[in-house]
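The sequence lines fix the lettering, A, B, ..., with proteins before strands; numbering per chain opens at 1.
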2 protein chains.
Amino acid sequence: MNQEPSVFIVDDDEQVRSALTLLMESVGLNSESFSSGQEYLDQFDTSKPGCLILDVRMPGISGLDLQARLSAEKIHPPIIIITGHGDVPMAVRAVTAGAVDFIEKPFNNQSMLDNVHRAIEQDAKQRGESSRLEEIESHYDELTPREKEVLLYVIEGKRNKIIASEMNISQSTVEAHRSKVMEKMAANTLSDLMRMALLLKLIT
Amino acid sequence: MNQEPSVFIVDDDEQVRSALTLLMESVGLNSESFSSGQEYLDQFDTSKPGCLILDVRMPGISGLDLQARLSAEKIHPPIIIITGHGDVPMAVRAVTAGAVDFIEKPFNNQSMLDNVHRAIEQDAKQRGESSRLEEIESHYDELTPREKEVLLYVIEGKRNKIIASEMNISQSTVEAHRSKVMEKMAANTLSDLMRMALLLKLIT
DNA sequence: ATATAAATTATTATATCTTCTAATTTTCCT
DNA sequence: AGGAAAATTAGAAGATATAATAATTTATAT
């Protein structure tokens, strides 16, 4: 079920697209090309693993705009920016905004491949982490409001007796909620639960 | 006991140093100037809060070299790189290596000040976090080897009985170690201990 | 209004954890 | 060799947590 990663190329210049496509093929990497940012936005599928190569200067949506839009949607694939006429402020902006690289054309084929491989690895790592997070979130969503409340107390290390008094309910109720929390979150131990709470950012 | 932050300026050009010094004075910021990377390395004091402004092109150690050296020493003050003749690859390298900004001379005074303020804030935040970490580390260092071993099992959520069998010692011993760990680490609850273990990176 | 889910409580039995006290054995440094 | 720190163990009492079962009261949605 593990999909092969692809390199998603977004550039209005047909020459560049085909050159990159060939380059990727030469090392057995899949690629998909888009001639504009809009075309990518219309067709992209976050379930597909891989990385992006975006040209800065394009009609319509620029590579940097596209980067910003994806970021706003909380979509964070590794992005390599390429440009023919880059300047320093632009490069700084792209990298601080999270681009893994900012490369000027014409680029060196081997270093481009190195960057792509690094980016693909990073994506695979991120995907592993985020699929785990999604699983935990789906468990968390199953909790009732009261159970979530109890969870917060539990991860603070409070004892059932204290939780009961702070929530003005009986200890038995706390125990019932607590055991439901453990069950629904699929946590075997308190430390499992803490780990999950961390990923859910319930803990600072 | 909270020291005022300073801006540490490293540039071989006396003109630039005095201009920056005046700029910082104009908004009430302390600054210290160094005419070379070596001079900074000879005199720097990590206990002083603030940020760095490094020129790229200097005789001897360049700004980027200095950045790399500090990084190798695990010293991570916020660094603003300035340069008269920057290029894109250099900017990308500096930023990916952790520089908060890469600014070309001549720079805009107000935007420089904005960056400096941001950098100083970031430093203050880092210092708060790292002083807490140092406290925890000093506690951790007090643990005996055996206690550290038990700690690892504990944060995995293993029960005393299991720990005892895996370590081939009696449950009583585990209990003794465990209580010493809680005491030495100054942890009131298991969740406290887990939080500390996270900061110590004992947990993935 | 009436099922359904959620929240509440209690009881009992068992398992664990914590704390305290006390003592013995190992290990390591000077 | 002698002493200090570390590691080891035991027992007992009290506090907590867990698991299983059962029952009642609110909410809530169709």
> Which residue pairs pass the salt bridge (charged side-chain N to carboxylate O under 4.0 Å, His left out) test when at least one of the two sits in residues 44-53 of chain A, sequence neighbours left out?
Replying inline: Glu32(A)-Lys48(A)
>> Please enumerate all residues that pass side-chain hydrogen bond (donor to acceptor under 3.5 Å, both in side chains) together with Lys180(B), with sequence neighbours excluded.
In response: none
>> Please compare Glu142(B) and Ser179(A) by the position of their nearest nucleotide in DNA chain D and report the one closer to 5'.
In response: Glu142(B)
>> At under 4.0 Å between heavy atoms, how does the protein contact nucleotides 7-14 of chain D? Give one character per nucleotide, 5' to 3', with B, S or -.
In response: SSBB----
> Can you name the residues that form a side-chain contact (heavy atoms from CB on, under 4.5 Å) with Glu4(B), not counting sequence neighbours?
Replying inline: Asn30(B)
> Who are the side-chain hydrogen bond (donor to acceptor under 3.5 Å, both in side chains) partners of Glu137(B), not counting sequence neighbours?
Replying inline: none
> Taking only residues two or more places apart in sequence, or in another chain, which ones meet Tyr140(A) in a ring pair (Phe, Tyr, Trp, His ring centres under 6.0 Å)?
Replying inline: none
>> Using C1' atoms of five pairs at each end, report the bend of the helix from dA1(C)-dT30(D) to dT30(C)-dA1(D) rounded to 10 degrees.
In response: 60°
> Got a sec, which pairs hit salt bridge (charged side-chain N to carboxylate O under 4.0 Å, His left out) with one end in residues 68-87 of chain B, sequence neighbours left out?
Replying inline: none
> Can you list, by residue number, the residues of residues 152-160 of chain B that have a non-hydrogen atom closer than 4.0 angstrom to DNA chain D?
Replying inline: none
> Which pairs count as salt bridge (charged side-chain N to carboxylate O under 4.0 Å, His left out) when at least one residue sits in residues 156-172 of chain A, sequence neighbours excluded?
Replying inline: Glu156(A)-Lys158(A), Lys158(A)-Glu166(A)
> Please, which pairs that meet ring-ring contact (aromatic ring centres under 6.0 Å, His included) have at least one residue in residues 182-204 of chain A, sequence neighbours excluded?
Replying inline: none
>> Taking salt bridge (charged side-chain N to carboxylate O under 4.0 Å, His left out) as the cut-off, I'd like each qualifying pair that reaches into residues 194-204 of chain A, sequence neighbours left out, listed once.
In response: none
